[in-house]
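Below you'll find the structure, written out as structure tokens, and then a few comments.
Note that ligands are numbered from 1 as they come in the structure, with each ligand's atoms numbered from 1 the same way. In this chain, residues are counted from 1 in sequence order.
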Amino acid sequence: MTDTAAQAALHAAAEARAGDVTISGVTKRYGDQTAVDGLDLHIAQGEFLSLLGPSGCGKTTTLRMIAGFEEPDAGDIRISGASVVGVPPHRRNVNTVFQQYALFPHLTVAENVAFGLRRAHVPRAEIGDRVVEALDMVRMRGFADRRPTALSGGQQQRIALARALVNRPSVLLLDEPLSALDRQLREEMQVELKLLQARLGTTFVFVTHDQGEALSMSDRIAVMRAGRIEQLADADTVYGSPASAYVAGFIGRQNFFSGTASGALVEADGVTLRGTASLVDGTAVRAAIRPEAVRLASGSEPGENRIVGRLVGISHLGESMQYIVESGRHSIVVLTPRPSAPSVQPGDDVTLSWDAQDVAVFPDERASQAPEPTPAAS
Ligand code: ATP
């Protein structure tokens with residue numbers, strides 16, 4: 001290969017990688033608290049990746065380390081192939097959108113969006129064009145002369161997005177940016193954000209504790225637990241084939257049955273569930289069945305993958321009906337699409353049934369944990 005051809009190949013490889021993020025063995029501690037614990041994660045160029053998990057699992061700390069607001073205690077973070085450890089935030093070609101829009105109230109929308117470009121001494125003529133381009137991206141061109149106080153929450157968040165995109169970052173970091181919006185607006189913005197990301201091809205790293213939000217937008221979801229990734233997969237996989245009871249319980253709703261495995265059977269306090277995989281006899285397990293996988297019918301016909309109980313509650317959830325059925329010490333939730341809702345009343349005896357392929361069985365981690373210390377007698 002000639003020198004020029006080699007340089008062109010190198011350049012092409014770097015272009016293809018511009019905006020990918022590689023996190024290798026990253027740990028971050030605050031005192032004796034480990035916020036992020038030996039994290040490995042590769043985010044591809046142009047990917048929409050969500051970091052999902054409950055409060056305190058390390059999502060924001062991970063994002064802040066990519067942004068450069070925090071430095072790892074161990075490990076490496078590479079953006080577009082180059083290590084950014086020790087590199088200040090404004091030199092990383094990333095930008096962050098926060099939950100709080102933090103717009104300057106005394107500046108117009110256009111001035112807010114132009115602020116970063118002015119500080120970076122971008123030529124005045126170019127600033128005007130780039131502000132218009134960024135406002136177009138978020139469909140807010142007509143609002144350039146308004147003050148932020150004259151905008152709705154959703155509009156303010158769009159301006160915050162335009163302000164982050166105007167610098168043309170190769171990675172956009174979003175820290176729960178929709179959580180201050182009401183539900184309908186949040187759902188509209190989810191669609192908009194996904195479309196915008198697909199159009200721009202910019203890598204998005206999105207932090208959320210809202211599983212619906214992560215499922216609706218992401219190419220892949222990293223479900224985090226105690227500073228580590230419990231499962232990294234697309235929405236279909238984390239929903240349909242969760243890697244653990246923790247993921248199963250966090251993504252969507254589940255009916256859990258604690259019991260003991262015997263081949264493909266789980267005996268759980270009067271209920272016999274048959275799954276599709278065989279487990280070592282005597283293993284303590286948790287079987288999980290999604291509410292939408294349970295069928296409800298009137299009558300009492302016990303058996304395998306069936307349970308007889310009493311209907312104690314019916315709620316309308318719009319497109320579906322929710323039923324609560326009590327059986328022994330189990331309380332089971334059933335979701336049925338409204339058109340196929342059975343004709344039953346609270347107080348009726350009912351039979352619930354499901355298919356073996358809808359029974360997910362996980363080792364019961366709680367069974368292997370040390371018992372809680374008992375309080376000393378006073
Ligand atoms: P949330 O959804 O509540 O923001 P999170 O998953 O983003 O949670 P982090 O904010 O990353 O979690 O926090 C992870 C752990 O690190 C938590 O236990 C938190 O209390 C701790 N932590 C985070 N930042 C600091 C800090 N500046 N000083 C001390 N502890 C911190």
With nothing but distance in play, are any N or O atoms of Thr62 less than 3.5 Å from an N or O of ligand 1? no

Mind checking whether Ser55 has an N or O less than 3.5 Å away from an N or O of ligand 1? yes

Test item: protein heavy atom less than 4.0 Å from atom 19 (C) of ligand 1: no

Which residue owns the protein heavy atom closest to [atom], what's the atom, and how far is it?
atom                    : result
atom 2 (O) of ligand 1  : Lys59 NZ, 3.0 Å
atom 14 (C) of ligand 1 : Gly56 O, 3.5 Å
atom 4 (O) of ligand 1  : Thr60 OG1, 3.4 Å
atom 28 (N) of ligand 1 : Tyr30 CD2, 3.5 Å
atom 16 (O) of ligand 1 : Ala35 CB, 3.2 Å

State plainly whether the residues [X] and [Y] are in salt-bridge range, i.e. N to O under 4.0 Å.
X      : Y      : answer
Arg186 : Glu192 : no
Asp129 : Arg124 : no
Arg274 : Glu304 : yes
Arg220 : Asp234 : no

Side chain or backbone of Gln33 under 4.0 Å from ligand 1, or both, or neither, by non-hydrogen atoms? side chain

Arg286 charged N/C atom sitting above Phe362 aromatic ring, 6.0 Å / 45°: no

With no hydrogens and no angle check, just 3.5 Å: does a side-chain donor-acceptor pair link Asp269 and His330? no

Identify which of Thr61, Leu51, Thr208 has a heavy atom lying nearest to atom 9 (P) of ligand 1. Thr61

Please determine whether any non-hydrogen atom of Gly53 lies less than 4.0 Å from an atom of ligand 1. no

For Ser152, check side-chain hydrogen bond (donor to acceptor under 3.5 Å, both in side chains) against everything at least two apart and list the hits. Gln155

Considering the heavy atoms of Pro54, write down every atom of ligand 1 situated less than 4.0 Å from one of them. 6 (O)

Sequence-distant partners of Arg290, salt bridge (Lys or Arg N to Asp or Glu O under 4.0 Å), two or more places apart: none

